[in-house]
Amino acid sequence: MKQTMMQKPTNSKGYNVEHTEYIEASPEVIWKTISMPENLNRCHPFCKKNTMIKWEKEKSIDLIEYENGLKLKRHFTKWFEGKGYELLIGKSGTASAQVLWDIESKYDQISALSIQLEIYPEVILKKYPKIFHFFILNWYVIPKMKDYLQSVILGFKQYIESGKTVSKNEFGVNLMFSNP
């Protein structure tokens, strides 16, 4: 079955959100975890199920089903061996966001894991009148996405540092992706 490559929207200004956490591990250990197929099943507090479709570096594709039933596809577009990757995520052929995962060595056995997200409001807010996009984006979506990124990275931090699988809503509920 041939997979159609997801595309960035052509006429949508992206809005950036990012979060970084320090993890007590080498970049190699973090890379091993973030580059593992279906890693979200162990590390993501809002992931109900992460299913691999194809795992071939920058040609990788997987699905994430969130706790609230939302299902999104992730198309990996760039693969920086040992350092991170870039992907597009969305429901269909047009991405809702572009995501960059990045690992940076900081000190002896301390590394930084960052996730940078470029959100495409024209895609995620298309069911709302454009006049409301600015307000929904700035008062709801961006704050929720900041909390989301923090929870996701904390999940990876917990799994990498302790080996303990992350439980549902472990770092708090996020109504965009989970149920209370």
Side-chain angles (χ1 to χ4, degrees), residues 6 8 14-67 70 72-90 95-120 124 141-174 176-178:
M6 192 175 296
K8 286 180 167 185
Y15 289 83
N16 295 311
V17 181
E18 68 179 278
H19 188 75
T20 302
E21 288 285 338
Y22 290 101
I23 298 177
E24 291 184 33
S26 68
E28 295 80 19
V29 169
I30 296 172
W31 174 250
K32 184 177 178 186
T33 303
I34 74 165
S35 64
M36 179 175 47
E38 299 181 351
N39 59 29
L40 303 181
N41 290 321
R42 296 173 195 84
C43 305
H44 196 303
F46 309 124
C47 177
K48 185 175 186 178
K49 186 174 184 183
N50 179 214
T51 307
M52 174 188 58
I53 295 173
K54 173 170 78 168
W55 205 254
E56 298 176 32
K57 299 184 178 184
E58 68 274 351
K59 296 177 185 170
S60 297
I61 300 170
D62 69 5
L63 299 171
I64 180 171
E65 180 179 355
Y66 292 94
E67 288 292 341
L70 175 65
L72 297 177
K73 188 178 283 188
R74 302 189 315 159
H75 284 245
F76 293 70
T77 56
K78 293 180 183 171
W79 193 269
F80 311 106
E81 192 68 34
K83 178 98 174 94
Y85 45 73
E86 192 172 279
L87 62 93
L88 295 172
I89 187 167
S96 304
Q98 179 174 291
V99 186
L100 174 64
W101 289 67
D102 184 62
I103 303 166
E104 187 178 335
S105 179
K106 289 296 185 183
Y107 312 103
D108 185 37
Q109 295 300 306
I110 305 263
S111 303
L113 177 61
S114 299
I115 303 175
Q116 299 171 355
L117 183 65
E118 183 178 15
I119 304 166
Y120 303 123
I124 64 171
V141 174
I142 289 175
K144 291 290 183 204
M145 292 309 297
K146 286 180 180 180
D147 291 343
Y148 169 82
L149 293 179
Q150 180 179 22
S151 293
V152 171
I153 292 180
L154 287 173
F156 276 84
K157 176 182 173 73
Q158 174 179 297
Y159 181 78
I160 290 165
E161 290 181 351
S162 72
K164 180 182 173 223
T165 298
V166 175
S167 60
K168 175 184 170 184
N169 297 327
E170 182 142 342
F171 308 104
V173 172
N174 187 309
M176 288 181 69
F177 302 100
S178 65

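Heavy atoms only: backbone and side chains are in, while hydrogens, waters and symmetry mates are out.
- Atoms SG and NZ, on Cys43 and Lys157 in that order, are 13.5 Å from each other to the nearest 0.5 Å.
- Of all non-hydrogen atoms in Gly84 and Ile34, the two that sit nearest each other are CA-CD1, 4.4 Å.
- Between the CD atom in Gln98 and the CG atom in Leu88 there is a gap of 5.5 Å [rounded to 0.5 Å].
- Contacts classified as salt bridge (Lys or Arg N to Asp or Glu O under 4.0 Å) and involving residues 105-120 (residues at least two apart or in different chains) are given here: Glu104-Lys106.
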Q: Applying side-chain contact (heavy atoms from CB on, under 4.5 Å), run through Ile153 and Thr20 and close with a yes or a no.
A: CA-CA 7 Å; Ile153 292 180; Thr20 302; 5.7 Å; no
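- Under the 4.0 Å criterion applied to side-chain N and carboxylate O atoms, Lys57 and Glu81 are assigned as salt-bridge partners.
- Once rounded to the nearest 0.5 Å, the distance linking CG of Leu87 with NZ of Lys78 reads 12.0 Å.
- If you take CZ on Phe76 and CE on Met6, they are separated by 11.0 Å, rounding to the nearest 0.5 Å.
- Residues Asn174 and Ser151 have side chains not in contact (no heavy-atom distance under 4.5 Å, counting atoms from C-beta outward).
- For Tyr159, there are no ring pair (Phe, Tyr, Trp, His ring centres under 6.0 Å) partners two or more places apart in sequence or in a different chain.
- Residues Ile119 and Met145 are in side-chain contact: their nearest non-hydrogen atoms beyond the backbone lie under 4.5 Å apart.
- Lys73 is listed as a side-chain neighbour of Ile61, based on a closest heavy-atom distance under 4.5 Å.
- Within a 6.0 Å radius of NZ in Lys83, other residues, nucleotides and ligands contribute more than 12 heavy atoms.
- Shown here for Val166 and Gly155, the closest heavy-atom pair between the two residues is CG2-O, 3.3 Å.
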Q) Taking it one step at a time, do His75 and Lys59 satisfy side-chain contact (heavy atoms from CB on, under 4.5 Å)? A) CA-CA 7 Å; His75 284 245; Lys59 296 177 185 170; over 6 Å; no
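- Residue Asn50 comes nearest to Leu63 through the heavy atom pair ND2-O, 2.9 Å, listed as atom of the first residue, atom of the second, then distance.
- Partners of Met52 by side chain to side chain contact (heavy atoms under 4.5 Å, CB included), not counting sequence neighbours, listed by chain and number: Pro37, Glu38, Trp55.
- For the pair Ile103 and Gly82, the tightest heavy-atom approach, listed with the atom from each and the gap, is CD1-O, 4.2 Å.
- Counting heavy atoms from C-beta on, the side chains of Phe80 and Leu100 come closer than 4.5 Å.
- Listed here is the closest heavy atom pair of Thr33 and Asn39: O-ND2, 3.2 Å.
- With sequence neighbours left out, Ser167 forms a side chain to side chain contact (heavy atoms under 4.5 Å, CB included) with Glu170.
- Formation of a donor-acceptor pair under 3.5 Å by the Asp147 side chain with backbone atoms of Lys144 is not found in this model.
- Between Ile23 and Ile110 there is no side-chain heavy-atom pair separated by less than 4.5 Å.
- Taking the ring pair (Phe, Tyr, Trp, His ring centres under 6.0 Å) definition, one finds that Trp101 meets it with Tyr85, Phe156, sequence neighbours left out.
- Considering only heavy atoms from C-beta on, Tyr15 stays 4.5 Å or farther from Leu117 through its side chain.
- Ile124 contributes atom CD1, which lies 7.0 Å from atom OG of Ser96 (distance to the nearest 0.5 angstrom).
- In this structure a side-chain-to-backbone donor-acceptor pair under 3.5 Å is missing from Asp102 to Ser114.
- Scanning for side chain to side chain contact (heavy atoms under 4.5 Å, CB included) contacts around Gln150 gives His19, Glu21, Leu154, with sequence neighbours left out.
- Side-chain contact between Pro45 and Asn169 is absent, with no heavy atoms from C-beta onward closer than 4.5 Å.
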(Q) Pair Glu65, Leu72 - check side-chain contact (heavy atoms from CB on, under 4.5 Å), show working. (A) CA-CA 7 Å; Glu65 180 179 355; Leu72 297 177; over 6 Å; no
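- Between His44 and Phe46, the ring-plane angle classifies as perpendicular under the 30° and 60° cut-offs.
- Checked by atom type and distance alone, the side chain of Asp62 never pairs as donor or acceptor with a backbone atom of Ile53 at under 3.5 Å.
- Within a 6.0 Å sphere centred on NZ of Lys168, heavy atoms belonging to other residues, nucleotides or ligands number more than 12.
- A 4.5 Å side-chain heavy-atom check between Asn16 and Gln116 finds every atom pair outside the cut-off.
- Looking only at distances, a side-chain donor or acceptor of Ser111 sits under 3.5 Å from a matching main-chain atom of Ala25.
- When all heavy atoms of Ser35 and Trp79 are compared, the closest pair comes out as CB-CZ2, 3.8 Å.
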Q: Could you go through the side-chain contact (heavy atoms from CB on, under 4.5 Å) check for Glu24 and Gln109 one step at a time?
A: CA-CA 6 Å; Glu24 291 184 33; Gln109 295 300 306; over 6 Å; no
